[in-house]
2 protein chains.
Amino acid sequence: MERRPSSNVSVDVLTLRYNATDREVELAVYPRATEPYIGQLALPGITLLEGERLADAAQRAVHEKLGVGVRGLGPLTVFDEPSRDPRGFTLSVAMWAVADGAEPHADVSWYPLDDVPALAFDHNQMVTSTRQMLTDKLWRDLAFTRALTGPEFPVSAAVAMTRSLSGSDPDRGNLNRRLQSVPGLNVGHKRVVLGRGRPGALWVWAEDAVAQEPVA
Amino acid sequence: MERRPSSNVSVDVLTLRYNATDREVELAVYPRATEPYIGQLALPGITLLEGERLADAAQRAVHEKLGVGVRGLGPLTVFDEPSRDPRGFTLSVAMWAVADGAEPHADVSWYPLDDVPALAFDHNQMVTSTRQMLTDKLWRDLAFTRALTGPEFPVSAAVAMTRSLSGSDPDRGNLNRRLQSVPGLNVGHKRVVLGRGRPGALWVWAEDAVAQEPVA
DNA sequence: ACAAAAGTGTTCGACTTACACCCATGG
DNA sequence: CCATGGGTGTAAGTCGAACACTTTTGT
């Protein structure tokens with residue numbers, strides 16, 4: 001093993017979106033175009049450039065590898081498992097991001113977090129070990145939650161996101177009260193019908209909450 | 001700014017000890033021997049070697065810069081503030097460590113967390129922003145707590161550590177119940193007298209708790 | 001009418017905080 | 001006897017989880 005006083009740092013991004021049709025929070029993966037693990041599915045990852053900020057690198061990774069922009073992003077954890085990369089990479093910073101609505105590259109695929117296929121490197125390990133953090137962020141981390149929900153969303157989406165991230169059906173009563181306690185989040189006047197069932201309220205983020213928390 | 005696909009990663013260690021005489025948890029700093037910031041006080045920090053684990057690097061930093069060993073250590077956060085280092089370092093991983101009883105280098109000094117002097121780099125910022133994490137670890141993170149207390153400790157030490165980390169006097173009744181709920185921690189038979197006042201119990205870590213959590 | 005979806009009310013236990021009060025020792 | 005430090009008991013407040021029940025829609 002080499003012992004140079006410098007390390008390659010990779011930034012790997014768990015890029016999410018809410019799929020309103022399937023009612024699922026989905027993770028973006030793409031087939032690697034370069035060695036190692038060429039052709040295998042992987043999280044968008046990139047090598048941090050000298051002097052580059054983590055947020056910038058994450059955005060670069062999502063843009064280059066997936067072809068989409070980012071509505072919000074933030075740090076998750078650091079992995080320093082040895083031999084996670086055959087080339088000798090050592091440190092990897094896991095970040096979350098929420099994709100904007102842009103059309104991704106054709107080879108990008110999206111999977112529910114419960115159904116992620118085999119990935120390159122230790123990316124499966126990264127997904128499983130950060131899942132709890134993502135779940136904890138929902139309705140607590142405003143930047144994360146706002147990015148995932150968009151400026152307004154029906155109750156059905158709130159239920160689906162919670163189920164999709166936590167893995168089990170939330171109690172609707174408790175979820176409703178939770179939403180009421182989220183700062184900057186208000187019940188709208190409109191009602192949203194969803195096939196059958198009682199129409200639900202449309203939740204709306206306050207303007208100032210929308211303005212804050214820029215992408216960087 | 002250079003844009004090479006490789007970054008220097010520094011590991012900076014908040015090295016603590018419990019000073020039984022002054023009843024304070026203290027932080028180790030030392031005067032830097034090299035540029036930049038030569039002569040200024042700083043946390044022990046080191047550049048991560050390629051393929052090196054964070055824990056190993058932290059241990060190396062503490063040993064080389066302070067001359068002491070480590071009874072326990074763990075991660076805190078990652079800082080990626082740009083220009084935190086004039087040389088162009090970018091990423092810094094903050095770790096906690098508890099020093100063993102070895103005699104440190106002569107120029108090492110220890111300060112209570114409330115009274116840390118001006119430090120090089122953004123190390124003051126690092127100390128203030130990780131303080132809450134350290135406080136949260138006490139009595140919760142077993143590796144941290146055991147390392148700081150040693151195999152057994154009197155009630156007075158528990159009170160002092162809590163006050164020293166949290167910044168305010170704990171309620172002794174609540175602290176006592178908290179100690180009782182810490183797994184692996186038991187009240188010993190011995191009593192410890194402390195000048196004046198009623199003698200306090202000696203708390204003892206269970207053997208298996210002592211065995212687990214190796215330094216790495 | 002019935003199933004599906006949304007919303008309200010209530011309770012329980014875990015945990016934190018605060019505070020009142022008793023106990024044991026040294027000076 | 002009293003200041004100092006140690007220890008027990010109790011009550012309020014917060015929070016999450018669980019559950020019963022009502023309301024409003026489509027089929």
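So you know, we letter chains A, B, ... as the sequences are listed, proteins then strands, and number each from 1.
The nearest whole Å value for the distance from the CG atom in Leu175(A) to the C1' atom in dT8(C) is 14 Å. Protein atom CG of Leu202(A) is 16 Å distant from nucleotide atom C1' of dG7(C), rounded to whole Å. When the P atom of dA18(D) is taken as reference, atom CG of Asp169(A) falls 12 Å away, rounded to whole Å. Atom-to-atom, CZ of Arg23(B) to C1' of dT4(D) comes out at 11 Å; the value is rounded to the nearest Å. The CZ-P distance, from Arg191(A) to dT23(D), rounds to 15 Å in whole Å. We find that CH2 of Trp139(B) is positioned 18 Å from C1' of dC15(C), with the value rounded to whole Å.
Note on residues 98-120 of chain A: pairs passing side-chain hydrogen bond (donor to acceptor under 3.5 Å, both in side chains), not counting sequence neighbours, are Asp114(A)-Arg131(A). Applying the ring pair (Phe, Tyr, Trp, His ring centres under 6.0 Å) definition to pairs two or more places apart or across chains, those involving residues 128-151 of chain B are Trp96(B)-Phe144(B), Trp139(B)-Phe153(B). Residue pairs meeting the salt bridge (Lys or Arg N to Asp or Glu O under 4.0 Å) criterion with at least one member in residues 184-203 of chain B, sequence neighbours excluded, do not occur.
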- [ ] Encode nucleotides 19-27 of chain C as B, S and - characters from 5' to 3', where the letter depends on protein heavy atoms closer than 4.0 Å: B to the base, S only to sugar-phosphate, - to neither.
- [x] B---BBBS-

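For the residue pair Thr149(B) and Trp203(B), no side-chain donor N or O sits within less than 3.5 Å of a side-chain acceptor on the partner. No side-chain donor from either of Thr47(A) and Asn8(A) sits under 3.5 Å from a side-chain acceptor of the other.
Using a 4.0 Å cut-off, no side-chain N or O of Asn176(B) falls inside it from OP1 or OP2 of dG6(D). Close to dA6(C), at under 4.0 Å from its OP1 or OP2, lies a side-chain N or O of Arg172(A).
Considering only residues two or more places apart in sequence or on other chains, Arg177(B) meets the side-chain hydrogen bond (donor to acceptor under 3.5 Å, both in side chains) condition with Asn174(B). Partners of Val192(B) by side-chain contact (heavy atoms from CB on, under 4.5 Å), not counting sequence neighbours, listed by chain and number: Pro154(B), Leu202(B). Applying the side-chain hydrogen bond (donor to acceptor under 3.5 Å, both in side chains) rule to Asp136(B) yields the partners Gln132(B); only residues at least two apart in sequence or on another chain are considered. Residues passing the side-chain contact (heavy atoms from CB on, under 4.5 Å) test with Thr77(B), sequence neighbours excluded: Phe79(B), Thr130(B), Met133(B). Under the side-chain hydrogen bond (donor to acceptor under 3.5 Å, both in side chains) criterion, Ser156(A) pairs with no residue at all, not counting sequence neighbours. With sequence neighbours left out, the side-chain hydrogen bond (donor to acceptor under 3.5 Å, both in side chains) criterion links Glu24(A) to Ser164(A).
Taking every heavy atom of residues 153-162 of chain A and every atom of DNA chain C, pairs under 4.0 Å involve Val155(A), Ser156(A), by number.
Within 4.0 Å of Arg140(B), counting heavy atoms only, lie sugar-phosphate atoms of the nucleic acid but no base atom.
Over its length, the helix from dA1(C)-dT27(D) to dG27(C)-dC1(D) turns its helix axis by 20°, as judged from the five terminal pairs at each end, rounded to 10°.
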